[in-house]
Amino acid sequence: ALLQLQPPAGAAPLTPRGPAACYGTSITSAKIQVNGVHLHYQQTGEGSHAVLLLPGMLGSGQTDFGPQLKSMNKQLFTVVAWDPRGYGKSIPPSRDFPPDFFERDAKDAVDLMEALKFKKFSLLGWSDGGITALIAAAKYPNLIHKLVVWGANASVTQEDVRIYNGIRDVSKWSEKVRKPLEELYGHKYFAETCEAWVDGISRFAENSDGNICQQLLPDIKCPTFIIHGEKDPLVPQAHAEYIHKHIKGSR
């Protein structure tokens with residue numbers, strides 16, 4: 001329901017590009033240069049409400065959002081799913097995790113949508129993509145229409161670091177989760193990038209309060225919907241409750 005409201009005031013009419021112009025339901029796959037890298041994205045639908053899907057750690061538009069690309073309402077929405085730099089088909093460059101990697105992803109995501117000529121758009125982010133979406137909504141309030149995040153956190157505790165180290169070795173992952181990523185990346189890149197991610201995200205625990213983006217949450221002004229899985233093995237529920245408490249009017 002949150003996403004089915006009217007398109008944002010002043011939103012440009014969205015003209016489908018590429019094959020989607022002939023078939024509103026087909027999925028276009030392309031690359032576009034943004035901030036010095038070639039970012040891969042998929043696009044489908046011809047609705048006036050533009051939506052960007054932001055994948056989680058090691059994820060891509062296809063691995064994380066196949067069902068949404070296929071089934072979201074293509075009359076209401078124009079759906080874009082992206083592969084952040086170093087993930088999916090946005091390689092090269094190889095993925096790295098400098099201290100500002102979430103801010104870098106947020107800027108890449110917003111600049112990608114602007115390069116695709118969307119004036120205003122909503123963000124649907126899960127896991128790391130949720131963190132990226134929170135930062136983007138706070139830093140670019142005039143561009144973001146609505147926000148939905150799930151499995152996201154605004155800080156990293158010592159308990160979180162312990163959980164992350166539990167997934168450091170990808171050979172211990174369940175086959176269901178491991179196999180599509182191994183097929184996407186090959187074993188070596190997948191294993192090395194997962195280890196680098198654990199090191200990169202664990203560094204936030206050294207900050208005061210383990211801060212990733214806590215101070216930005218009050219700057220989020222758009223309607224925000226927070227979803228959390230009660231049995232989420234990687235992100236304890238307290239993180240979702242913290243985000244809800246600090247984004248005014250969120251649900």
Asp96 vs Ser94 side-chain heavy atoms within contact, under 4.5 Å
no
Start with the C-alpha gap between Arg178 and Phe190, add the side-chain angles, then the distance that decides, and say whether side-chain contact (heavy atoms from CB on, under 4.5 Å) holds.
CA-CA 9 Å; Arg178 186 181 74 236; Phe190 171 43; 3.5 Å; yes
Looking only at heavy atoms, the pair that brings Leu181 and Val177 closest together is CD1-O, 3.8 Å
Nearest 0.5 angstrom please: Leu217 CG to Lys245 NZ, how far?
12.0 Å
Test of understanding: clusters of I, L, V, M, F, W, Y form through side-chain heavy atoms closer than 4.5 Å, transitively. Do Trp82 and Leu123 belong to the same one?
yes
Is there a donor in the side chain of Asp199 and an acceptor in the side chain of Ser202, or the other way round, less than 3.5 Å apart?
no
Determine whether Val161 and Tyr242 fall in the same hydrophobic cluster, where Ile, Leu, Val, Met, Phe, Trp and Tyr are linked whenever their side-chain heavy atoms lie under 4.5 Å apart.
no
Pick one: which of Asn153, Leu134, Asp209, Ile243 meets side chain to side chain contact (heavy atoms under 4.5 Å, CB included) with Gln214?
Asp209
Ser250 versus His244, side-chain donor and acceptor atoms under 3.5 Å
yes
Atom pair CZ (Arg95) and CD (Glu192), whose distance is rounded to the nearest 0.5 Å
15.5 Å
Heavy-atom side-chain proximity of Gln68 to Val51 below 4.5 angstrom
no
Distance, nearest 0.5 Å, that separates CD1 of Ile32 from CG of Leu116:
4.5 Å
Answer with yes or no whether the hydrophobic clustering places Leu54 together with Ile91; edges join I, L, V, M, F, W, Y residues whose side-chain heavy atoms lie under 4.5 Å apart.
no
Between Arg251 (side chain only) and Thr224 (backbone N and O only), is there a donor and an acceptor less than 3.5 Å apart?
no
Say whether, by atom type as modelled, one donor and one acceptor occur between the side chain of Tyr41 and the main chain of Asp83 under 3.5 angstrom.
no
Any side-chain donor near an acceptor of the partner, Trp197 and Asp128, under 3.5 Å:
yes
Between Asn165 and Arg168, does a side chain to side chain donor-acceptor pair (under 3.5 Å) hold up when you go through it step by step?
CA-CA 5 Å; Asn165 276 300; Arg168 178 184 287 276; 3.0 Å; yes
For Ser29, which of Gln43, Lys89, His40, Gln62 qualifies under side-chain hydrogen bond (donor to acceptor under 3.5 Å, both in side chains)?
His40
Does the pair Lys107/Asp111 count as a salt bridge with the N-to-O cut at 4.0 Å?
yes
Given the rule that I, L, V, M, F, W and Y join up when any side-chain heavy atoms are under 4.5 Å apart, are Leu124 and Phe225 in one cluster?
yes
Return yes if some donor-acceptor pair links the side-chain N/O of Lys74 with the main-chain N/O of Leu69 below 3.5 Å, else return no.
yes
Asp64 and Gly56 have their tightest heavy-atom pair at OD2-N, 2.8 Å
Quick one: sort the Phe102 and Phe204 rings into parallel, tilted or perpendicular, breaks at 30° and 60°.
tilted
Within the supplied structure, the quantity of interest is the number of heavy atoms (other residues, nucleotides, ligands) at a distance under 6.0 Å from Lys179 NZ; does it exceed 12?
no
Do the side chain of Ser90 and the main chain of Leu39 share a donor and acceptor less than 3.5 angstrom apart?
no
Smallest heavy-atom separation, Ile167 atom then Trp173 atom, equals O-NE1, 2.9 Å
Rounded to the nearest 0.5 Å, the CG atom of Leu58 sits from the OG1 atom of Thr63 at a distance of 9.0 Å
Going by atom types only, do His239 and Asp232 share a side-chain donor-acceptor pair under 3.5 Å?
no
Find the distance between CG (Leu184) and OH (Tyr189) and round it off to the nearest 0.5 Å.
9.5 Å
Starting at OH of Tyr164, measure out to CD1 of Ile201 and round the result to the nearest 0.5 Å.
4.0 Å
Between Pro84 and Asp105, what is the shortest heavy-atom contact and its length?
CB-OD1, 4.1 Å
Any non-hydrogen side-chain atom of Val170 less than 4.5 Å from a side-chain atom of His187?
yes
Restricting to non-hydrogen atoms, name the atom on Asp160 and the atom on Ser155 that form the minimum distance, rounded to 0.1 Å.
OD2-O, 3.8 Å
Applying a strict under-4.5 Å side-chain criterion to I, L, V, M, F, W and Y, I'd like to know whether Leu52 and Tyr87 cluster together.
no
So, does Arg203 use its side chain to make a donor-acceptor pair with the main chain of Phe97 at under 3.5 Å?
yes
Atom CD of Gln33 with >12 non-hydrogen neighbours under 6.0 angstrom:
yes
To check you understand the geometry: which heavy-atom pair defines the closest contact between Thr78 and Gly47, and what is its length?
OG1-O, 2.7 Å
Donor-acceptor pair, distance only, cut-off 3.5 Å: does the side chain of His228 make one with the backbone of Val235?
yes
How far apart are the C-alpha atoms of Phe121 and Ile144, what are their side-chain angles, what is the distance that settles it, and do they pass the side-chain contact (heavy atoms from CB on, under 4.5 Å) test?
CA-CA 5 Å; Phe121 45 92; Ile144 309 308; 3.5 Å; yes
Full working for side-chain contact (heavy atoms from CB on, under 4.5 Å) between Leu143 and Met113:
CA-CA 10 Å; Leu143 300 175; Met113 291 300 277; over 6 Å; no
Under 3.5 Å, is there a donor-acceptor pair between the side chain of Thr44 and the main chain of Ser26?
yes
Determine the interplanar angle of the His49 and Phe77 rings, folded into 0 to 90°, and report it as parallel if under 30°, tilted if 30 to 60°, perpendicular if over 60°.
perpendicular
Between Glu159 and Arg162, is there a salt bridge with N-O shorter than 4.0 Å?
yes
Side-chain heavy-atom pair Phe65, Met72 within 4.5 angstrom cut-off
no
